[in-house]
Amino acid sequence: MSEPIIHGLFPTPVLSTKINRDFTKKEIDFVLKQKNNSIKNVGNFISKDEFILKNKQLKNIRKFLENQCKFYLNNVLGISDKIELYITLSWLNFTDGKQFHHMHQHTNSLISGVLYLKADKENDTITFAKKQYREITIPTEKFNTWNSGSWWLPIETGQLLMFPSFLLHEVQTKKNNNLRISLAFNTFISGTLGGSTTKLKLTKDKIYKCT
């Protein structure tokens with residue numbers, strides 16, 4: 001009898017990489033100032049500025065993230081260079097001790113990312129979850145990525161995660177008192193989509209916040 005094979009069909013890709021440098025004093029000083037100009041979220045605080053990467057103080061961080069968008073597009077999605085994955089909205093998240101970031105997904109976006117500007121690798125995590133409805137609940141003794149409804153990953157300063165925007169994620173209530181700061185962003189695509197008979201051309205238009 002041959003060994004059983006489990007095929008991982010249609011997996012959800014979560015890219016993890018690092019910026020591989022320390023954040024500069026100019027970058028950190030700018031980010032910390034935004035904490036005083038943030039607004040209350042469900043369980044933590046977010047910056048009022050939803051185009052944070054357009055600030056000149058973060059231009060080198062933006063360049064790094066744009067390069068990672070190209071990598072994700074070409075190496076994860078396997079899409080032609082004629083299509084561009086570009087950053088639309090971007091903002092900062094501030095999570096102190098006893099705070100949390102509610103379960104959510106990012107709408108009107110293809111791929112989303114989170115760059116950790118300040119995190120404790122011994123304690124900080126991010127939890128991903130899948131949408132599911134179970135009519136039958138069977139007790140599980142050994143959890144794995146096949147049978148779990150959620151899965152957490154450790155994170156640290158300088159780490160970048162990129163994932164499909166539909167993927168649910170959250171930060172559970174922090175037990176330690178360190179300030180956790182992340183820079184989140186959404187993306188969209190420009191270029192020509194479709195086959196030989198039906199084509200749609202998308203261009204990088206200005207993005208406005210609707211009120």
Does [X], at its [atom1] atom, have more than 12 non-hydrogen atoms belonging to other residues, nucleotides or ligands within less than 6.0 Å?
{"X": "Lys25", "atom1": "NZ", "answer": "no"}
{"X": "Asp22", "atom1": "CG", "answer": "no"}
{"X": "Ile6", "atom1": "CD1", "answer": "no"}
{"X": "Lys98", "atom1": "NZ", "answer": "no"}
{"X": "Lys121", "atom1": "NZ", "answer": "no"}
{"X": "Asn147", "atom1": "CG", "answer": "yes"}

In terms of hydrophobic clustering (I, L, V, M, F, W, Y; side-chain heavy atoms under 4.5 Å; direct or indirect links), are [X] and [Y] co-clustered?
{"X": "Phe30", "Y": "Ile181", "answer": "yes"}
{"X": "Ile155", "Y": "Met103", "answer": "no"}
{"X": "Leu153", "Y": "Leu168", "answer": "no"}
{"X": "Leu161", "Y": "Val76", "answer": "no"}
{"X": "Val171", "Y": "Leu179", "answer": "no"}

| request: Report yes or no: do Asn123 and Asn178 form a side-chain donor-acceptor pair below 3.5 Å? | output: no
Any [X] side-chain heavy atom under 4.5 Å of [Y] side chain:
{"X": "Phe188", "Y": "Tyr86", "result": "yes"}
{"X": "Phe51", "Y": "Leu89", "result": "yes"}
{"X": "Val42", "Y": "Phe100", "result": "yes"}
{"X": "Lys131", "Y": "Phe166", "result": "no"}
{"X": "Phe163", "Y": "Thr12", "result": "no"}
{"X": "Phe23", "Y": "Leu115", "result": "yes"}
{"X": "Thr187", "Y": "Ser109", "result": "yes"}
{"X": "Leu167", "Y": "Val14", "result": "yes"}

| request: Using the six-membered ring wherever Trp is involved, compare the ring planes of His106 and His169 and label them parallel, tilted or perpendicular (cut-offs 30° and 60°). | output: tilted
Quick one: pull up [atom1] in [X] and [atom2] in [Y] and give me the separation to the nearest 0.5 Å.
{"X": "Leu160", "Y": "Ile61", "atom1": "CG", "atom2": "CD1", "value": "11.0 Å"}
{"X": "Ile126", "Y": "Gln159", "atom1": "CD1", "atom2": "CD", "value": "9.5 Å"}
{"X": "Lys48", "Y": "Asn36", "atom1": "NZ", "atom2": "CG", "value": "10.5 Å"}
{"X": "Thr125", "Y": "Gln172", "atom1": "OG1", "atom2": "CD", "value": "6.0 Å"}
{"X": "Cys69", "Y": "Met162", "atom1": "SG", "atom2": "CE", "value": "4.0 Å"}
{"X": "Gln99", "Y": "Thr173", "atom1": "CD", "atom2": "OG1", "value": "9.5 Å"}

Would you check if the side chain of [X] reaches a backbone N or O of [Y] as a donor-acceptor pair within less than 3.5 Å?
{"X": "Ser90", "Y": "Leu53", "value": "yes"}
{"X": "Asn55", "Y": "Ile52", "value": "yes"}
{"X": "Asp29", "Y": "Leu32", "value": "no"}
{"X": "Lys26", "Y": "Ile28", "value": "no"}
{"X": "Asp49", "Y": "Leu92", "value": "no"}
{"X": "Ser165", "Y": "Ser112", "value": "yes"}

| query | Is Lys35 paired with Asp96 through a side-chain N to carboxylate O contact shorter than 4.0 Å? | reply |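 Yes, charged N to carboxylate O under 4.0 Å.
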| query | Of the non-hydrogen atoms in Trp146 and Gly8, which two are nearest, and what is the gap between them? | reply |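 Looking at all heavy atoms of both residues, the closest pair is CH2-CA, 3.5 Å.
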| task | Start with the C-alpha distance between Ile189 and Leu202, add both sets of side-chain angles, then the distance that settles side-chain contact (heavy atoms from CB on, under 4.5 Å), and finish with yes or no. | result | CA-CA 7 Å; Ile189 53 175; Leu202 301 178; 4.1 Å; yes
| message | Just to verify, what does Glu27 make a salt bridge (Lys or Arg N to Asp or Glu O under 4.0 Å) with, not counting sequence neighbours? | response |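 Applying salt bridge (Lys or Arg N to Asp or Glu O under 4.0 Å) to Glu27 gives Arg21.
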| said: Taking salt bridge (Lys or Arg N to Asp or Glu O under 4.0 Å) as the definition, give me every residue that meets it alongside Lys201, ordered by chain and number, with sequence neighbours left out. | reply: none
| query | Residues two or more places apart in sequence or in another chain: which of them pass side-chain contact (heavy atoms from CB on, under 4.5 Å) with Ser182? | reply |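 Expected list: Asn93, Val114, Tyr116.
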| request: Could you note down all residue pairs passing side chain to side chain donor-acceptor pair (under 3.5 Å) where residues 68-79 supplies at least one of them, sequence neighbours left out? | output: Asn74-Asp81
| Given the rule in the side-chain contact (heavy atoms from CB on, under 4.5 Å) test, do Thr192 and Lys82 qualify, once you have shown the distances and angles that lead to the verdict? | CA-CA 8 Å; Thr192 302; Lys82 295 179 181 179; over 6 Å; no
| Full working for side-chain contact (heavy atoms from CB on, under 4.5 Å) between Thr17 and Phe71 | CA-CA 11 Å; Thr17 188; Phe71 180 88; over 6 Å; no
| request: Not counting sequence neighbours, which residues clear side chain to side chain donor-acceptor pair (under 3.5 Å) with Thr203? List them please. | output: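 If we apply the side chain to side chain donor-acceptor pair (under 3.5 Å) test to Thr203, skipping adjacent residues, the hits are Asp205.
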| message | Test side-chain contact (heavy atoms from CB on, under 4.5 Å) on Leu193 and Ile83; report intermediate values, then the result. | response | CA-CA 8 Å; Leu193 309 181; Ile83 301 294; 3.7 Å; yes
| Going by the salt bridge (Lys or Arg N to Asp or Glu O under 4.0 Å) test, which pairs reach into residues 177-195, not counting sequence neighbours? |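 Salt bridge (Lys or Arg N to Asp or Glu O under 4.0 Å) check on residues 177-195 returns Asp124-Arg180.
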